[in-house]
K.L.:
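This is the structure, below, for whatever I ask next.
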Amino acid sequence: MIRSAFFALTLAATASLQAADLKIGVIDMSKVFQEFHKTKSAAEKYKTNYEKAGQEMQERQTAYKNLAAEAQKLQKMAQDPIITPEQRNKHAAELGEKVKEIRSMEMEMQEFAERRQTQLKQEDMQIRKGLYEEILVVVRDKGKADSFDIVFDKTGVSLSTVPVILHVKEGAAVDMTDQIIVELNKNAPPPGAEPAKPEPAGETKK
């Protein structure tokens, strides 16, 4: 709502001041985000973490299947008419403990899946937020350096999902998208190079 109100006020102010007197820039933020080299690195990192979580879940599923196989074996032994009643009772008791272990693992697997899913979602949101903030710094610096009065995201939409900018007269606004992408990627590592690792929190360079 705040964003929509801001755009409405901005457009109204633009109309009253006459667009011809303003230097307006537009940016395809969706394209900028996708073409930012750090977005691609973040996507690879997220994929690695997602696959790791899947592997951890697979390990739990394997352990669960092993427990289920052991329980099935104990059940057959507890029902074996050949062995003595004492032996059947012993296997039945062991089966009961194994079933408890299985139920406990089922709960742990469910909790693990929910916890990892939440962690991955929060991580993705945090990464996106950081990338967008970094992009906005470059956009604002570029806007100031080139004396733009207003810069719009042409992919922005209102609460009704209708694009905020419905029409821009040809030549009335400068599309800064490619310039911003070049600026963001000017220090990108060469293909195949290891991305720079962030310093641990609390540590400073000597």
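Position 1 is the first residue of the sequence; numbering continues from there.
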K.L.:
Quick one: does any side-chain atom of R88 pair with a main-chain N or O of D80 as donor and acceptor, under 3.5 Å?
P.N.:
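It does hold such a pair.
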
K.L.:
Identify whether the distance between the nearest side-chain nitrogen and carboxylate oxygen of E106 and R103 falls below 4.0 Å.
P.N.:
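Between R103 and E106 there is a salt bridge, with a charged N closer than 4.0 Å to a carboxylate O.
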
K.L.:
Side chains of F36 and I181, heavy atoms from C-beta outward: is any pair under 4.5 Å?
P.N.:
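The answer is no; the side chains never approach within 4.5 Å.
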
K.L.:
Quick check: does any side chain N or O of D124 sit under 3.5 Å from a backbone N or O of L120, one acting as donor and the other as acceptor?
P.N.:
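Not confirmed, D124 side chain does not pair with L120 backbone.
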
K.L.:
Please check this pair: side chain of D149 against backbone of K23, looking for a donor-acceptor N/O pair closer than 3.5 Å.
P.N.:
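Such a contact is found between D149 side chain and K23 backbone.
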
K.L.:
Test K154 against D175 for side-chain contact (heavy atoms from CB on, under 4.5 Å), laying out the working first.
P.N.:
CA-CA 9 Å; K154 66 181 182 180; D175 192 327; 2.7 Å; yes

K.L.:
Has the side chain of T177 got a donor or acceptor atom that lies under 3.5 Å from a matching backbone atom of D28?
P.N.:
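A pair under 3.5 Å: yes.
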
K.L.:
Determine, stepwise, if the pair V174 / V26 fulfils side-chain contact (heavy atoms from CB on, under 4.5 Å).
P.N.:
CA-CA 6 Å; V174 177; V26 293; over 6 Å; no

K.L.:
Do K73 and E70 meet the salt-bridge criterion of a basic N to acidic O distance under 4.0 Å?
P.N.:
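Salt bridge flag = no for K73 with E70.
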
K.L.:
Would you please name every residue forming a salt bridge (charged side-chain N to carboxylate O under 4.0 Å, His left out) with R60, sequence neighbours left out?
P.N.:
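Checked R60 against salt bridge (charged side-chain N to carboxylate O under 4.0 Å, His left out); matches are E108.
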
K.L.:
Using atom types as modelled and distance alone, determine if a side-chain donor or acceptor of D146 lies under 3.5 Å from a backbone N or O of F148.
P.N.:
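A pair under 3.5 Å: no.
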
K.L.:
Could you check E56 against R116 for salt bridge (charged side-chain N to carboxylate O under 4.0 Å, His left out), going step by step and ending with a plain yes or no?
P.N.:
CA-CA 10 Å; E56 291 171 350; R116 292 296 278 128; 3.4 Å; yes

K.L.:
Taking H37's backbone N and O only, do any of them form a donor-acceptor pair with N185's side chain (distance below 3.5 Å, no angle check)?
P.N.:
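Yes: the side chain of N185 pairs with the backbone of H37.
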
